[in-house]
Amino acid sequence: MAVQEKFTFCRICEATCGLKVKVEDGRLIDVEPDDQHVVSQGYVCVKGTRFANVQNSPDRVTAPMKRSGDEWVEISWDQALREIGEKIRAMVDQHGPQSFSHFLGSPTGAHLVLPIFRNAFYEGLGSHRFYGTATTDTVNKFRVNEEMYGGPMRLAFPDIEHSKFYMVIGANPAVSGNTLFHLPRSVARMKQIVKRGGRCVFINPRRIESAQAGEHIFIRPDTDVYFLAAYCNELIQQNGVAHERVEQHMTGFTRLQALVANWTPEKQEPVTGIPADVLRDLVRSHIDSNAAALYMATGVNQGRNGTLCYWLLECINAISGNLDRRGGTLIGDGMVDMDKEAKKAGAFSFLNTERRDDGLPCVVGQHPSNMFTHDILNDRPDRIRGTIIEASNPIIACSRPDRMVEAIKSLELVVSIDLFKNEAADLAHYILPATSFLERADLPYALQSFAANTPMPYMTYTDPVLEAPPGVRNEWWIYSRLADTAKVRLFNRPLLSRLAKWNAKLAYSSVSFLRSLALTPEKMIDGMLKKAGLPGRKEMLEKHPHGILLGDTKAGNFLGTDRVMTDDGLVNLAPKDICNAFEDKIDADYLHDLNNRDKFKLFGKREIKTINSWMGNSERLVKDASNYAYLHPNDAAELGLNNGELIRVRSAHGQIDIPLKISDEVMPRSVAIPHGWGHQGAKGLPHAARHPGVNSNTLAGDGPENTEKLSGMSHLSGILVDIEKIADAQSVA
Ligand SMILES: Nc1nc2c(c(=O)[nH]1)N[C@H]1C(S)=C(S)[C@@H](COP(=O)(O)OP(=O)(O)OC[C@H]3O[C@@H](n4cnc5c(=O)[nH]c(N)nc54)[C@H](O)[C@@H]3O)O[C@H]1N2
Ligand SMILES: Nc1nc2c(c(=O)[nH]1)N[C@H]1C(S)=C(S)[C@@H](COP(=O)(O)OP(=O)(O)OC[C@H]3O[C@@H](n4cnc5c(=O)[nH]c(N)nc54)[C@H](O)[C@@H]3O)O[C@H]1N2
Ligand code: SF4
Ligand SMILES: [Mo]
């Protein structure tokens, strides 16, 4: 059969690059960039172009599996759904709905219709026990947005196409593709800022790949809060406040000013390592530019003060007059106003709710992933007894892998919905095989499509470009069918539930006429597009295979409008809980950092060829047997360490032995270790098991002490560690 070429887009990371895929006899044979894609314009990375290696992997799970002891056997969908449904029902009848939880990973963030059915299932079940890796990457931002702007999805993003000063703190877009800010071809676009005569500055404990677009300044891990407090204060001291704008549109300035008043550039210097003069000069450039934007991401989110940092960062953008201004930060206006819709629907998943027993928050409905093991391993009647793990490998992604293993093993029912039998799936009772992104119809990520968190909003639609293996099912169908067998009322609405269950029966019927009656994701998305006034599916495919530009996000569309959803319609610069937390803990944290400034701090390093843990099984992407610990030459010399030798890294929570790479990219007294490794026991991922590496999350702690109190984020970056030569370590032991 002839090779077919189809246009689609990558959904491995949020860059969502346009792809041209080549398909022969239903098999993916190659992936190339889509040069004509309206935004990515031919940019792709190696994870996209080598995806055939993952897509066609012989290790993919292609039929439902059931474990008995150490053996896995294939079973029919009917059997799997019936058994799982009956077990969920029995568990919930006996122990209540909170006994059955959900653990969500990152990949299905790029699956538009799935959340509708997942939420409908859990709403019907009555369980609000949602956990997942959102509390390892970014929920602190949602908390701040809700407090300052009245809605968690009010996500201000840098208008970098017009910025003259752009500062990126704790993100590495050249490798990561950015997060909560849609910006493909980020390096090329950031370079334009410097070409326009502006400054593009990266504040990072490592001289990162992105820094080729501008300047780099070292910061000691997890000290950003002092830098940002001093930056905010210095902005006020240098008369950088847009007072008229602040008075008209914001509240709480006086409180903010008082809180940062004693944070001088000199005070932050000994803990952050950023010279006072450098900070002053940055603030001067910021003010002079009249078009400045600060952006931060995971590196800061994963520290002890991610919420405080994001609050300060948003305050700096706001009070300097840059929020809602060209070249500053904008708040997009996409297909759907998610915050308004959620408020109307009273959706629990968008509210900040507190956990009864420990007072930790559930931002956007997410319980802290650092509490998952605690909520399982206890003898309270409301403990978790069963879970679905969807698109996640919490044993690698989360703190204290040993305790995660123990917790998952102790559960009465674990169902993994995944493409592969990863480490967590191998401990499950059932694995339900899901579609890969190329096997489903979709729009870009919900935040891109709905909230338009990008300076160049666009829309693109894809049909499935590959047919899924016959035993594989789309996740929306899995939840709908499970609702039937578990006697759950989808959406908690009787008629809608009945229709949705019937629809699922039709969707994979063996009778083609019945199949044609089903409301498929293709039809659902067609309806969504048309409702938003956009071309429907057919027109998108025929006329806009490379996407359609929707026009720039406007400046001046936010302040003073009903899009500011706080009670008084003003941006709140001083949310009570956040300010109180700053006041209560900042001095103690500072003292702690000052006292420990000679100790090593651990931080992360994403690599272009892998994404979290799930590319580890690809021969074409992973060739090294291990990840490495990256250490500055001066530190290596002082400890008598040589390149390539095995070193021991020890924290209060655990220790690992890992090969060393000496690199002056890394700040002295810090150590960078990529996460997503540690596949020794991965029976379902043979290539990964032969290239196992070391799980750096052995060094991270779980439980409330290691959880950021305002958002429930896990503390994964800036952990204090000791580094030892293995020989020394052994003699101590
Ligand atoms: N290739 C690749 N792409 C990915 C992923 C991947 O694993 N691999 N993962 C995807 C996911 S799930 C996400 S959430 C996004 C994340 O996207 P980003 O937020 O851009 O994530 P990172 O690349 O980890 O960038 C974090 C940066 O913070 C720095 N850093 C660490 N600690 C600190 C600190 O305390 N202060 C400061 N200022 N900097 C610090 C690190 O050196 C690192 O450069 O990337 C996505 N894209
Ligand atoms: N130390 C440290 N730890 C970290 C981080 C860090 O920077 N440092 N980063 C954190 C972050 S930001 C994140 S997001 C987490 C990532 O952690 P997770 O979100 O758990 O991601 P993965 O470990 O890559 O596991 C993803 C799983 O999803 C499966 N999958 C892929 N596509 C699909 C699909 O379409 N459907 C289904 N059902 N399954 C699919 C893959 O096969 C894989 O098994 O790790 C976190 N952990
Ligand atoms: S940067 Fe790479 S992984 Fe991310 S969307 Fe583009 S091709 Fe896919
Ligand atoms: Mo993430």
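We count ligands from 1, going down the list as the structure has it; atoms in each ligand are counted the same way. Values in this document were obtained by computation on a predicted structure and should not be read as measured data.
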Is it the case that over 12 heavy atoms from other parts of the model lie below 6.0 angstrom from the NZ atom of Lys623? yes
Can you tell me which residue and heavy atom of the protein come closest to atom 8 (Fe) of ligand 3, and the distance to 0.1 Å? Cys10 SG, 2.3 Å
Atom 4 (Fe) of ligand 3 - nearest protein heavy atom and its distance: Cys13 SG, 2.3 Å
With backbone taken as N, CA, C and O and side chain as the heavy atoms from C-beta onward, which portion of Ser392 lies under 4.0 Å from ligand 2: side chain, backbone, both, or neither? both
For a distance under 2.8 Å, tell me if Cys45 has an N/O/S atom near atom 8 (Fe) of ligand 3. no
Which bit of Ser106 gets closer than 4.0 Å to ligand 2, counting heavy atoms only: side chain, backbone, both or neither? both
Please work out, at 4.0 Å between heavy atoms, whether the side chain, the backbone, both, or neither of Thr16 comes within that distance of ligand 3. backbone
Proximity of Phe9 and His37 rings by center, below 6.0 Å: no
Below 4.0 Å, non-hydrogen atoms only: which portion of Gln302 touches ligand 2? Side chain, backbone, both or neither. side chain
What protein heavy atom is closest to atom 43 (C) of ligand 2, reported as residue, atom name and distance in Å? Trp614 CB, 3.4 Å
How about His182 and Phe157: are their ring centres within less than 6.0 Å of each other? no
Could you tell me how the ring of Phe7 sits relative to the ring of His546: parallel (under 30°), tilted (30 to 60°) or perpendicular (over 60°)? perpendicular
Please determine which of Phe130, Tyr131, Phe372 meets the ring-ring contact (aromatic ring centres under 6.0 Å, His included) test together with His367. Tyr131
Take every heavy atom of Ile396, measure it against each atom of ligand 2, and state whether any distance is under 4.0 Å. no
Looking only at protein heavy atoms, which one is nearest to atom 10 (C) of ligand 2, and what is the separation? Thr136 OG1, 3.2 Å
Protein heavy-atom partner closest to atom 37 (C) of ligand 2 - residue, atom, separation in Å: Glu475 OE2, 3.3 Å
Identify the closest protein heavy atom to atom 6 (Fe) of ligand 3: which residue and atom is it, and at what distance? Cys17 SG, 2.3 Å
In this structure, are over 12 heavy atoms from other groups packed under 6.0 Å from Glu467 atom CD? no
Does Thr435 approach ligand 2 within less than 4.0 angstrom via side chain, backbone, both or neither, non-hydrogen atoms only? backbone
Heavy-atom nearest neighbour in the protein, as seen from atom 12 (S) of ligand 2, with distance rounded to 0.1 Å: Asp137 CB, 2.9 Å
Asn422-ligand 2 polar pair, N/O distance under 3.5 Å: yes
Under-4.0 Å heavy-atom contact with ligand 2, by part of Asn697 that carries it: side chain
The answer for which part of Thr108 has a heavy atom under 4.0 Å from ligand 2 is side chain
Atom 29 (C) of ligand 2 has as its nearest protein heavy atom Asp418 OD1, 3.1 Å
For Thr138, state whether at least one heavy atom is located under 4.0 Å from any atom of ligand 2. no
Can you confirm, on distance only, whether ligand 2 has an N/O atom lying under 3.5 Å from any N/O atom belonging to Ile417? yes
Any side-chain donor-acceptor pair under 3.5 Å between Thr307 and Glu708? yes
Over 60° means perpendicular and under 30° means parallel, so classify the ring planes of Phe51 and Phe437, tilted if in between. tilted
Option among Arg50, Lys20, Lys6 that satisfies the salt bridge (Lys or Arg N to Asp or Glu O under 4.0 Å) test with Glu32: Lys20
Does Arg606 come within less than 4.0 Å of ligand 2, judged by its heavy atoms? yes
Taking C-beta and beyond as the side chain, do Leu114 and Tyr479 meet within less than 4.5 Å on heavy atoms? yes
Quick look: Arg440 vs ligand 2, heavy-atom contacts under 4.0 Å, and the answer is side chain
Ring-face cation contact, Tyr508 with Arg473, 6.0 Å cut, 45° max: yes
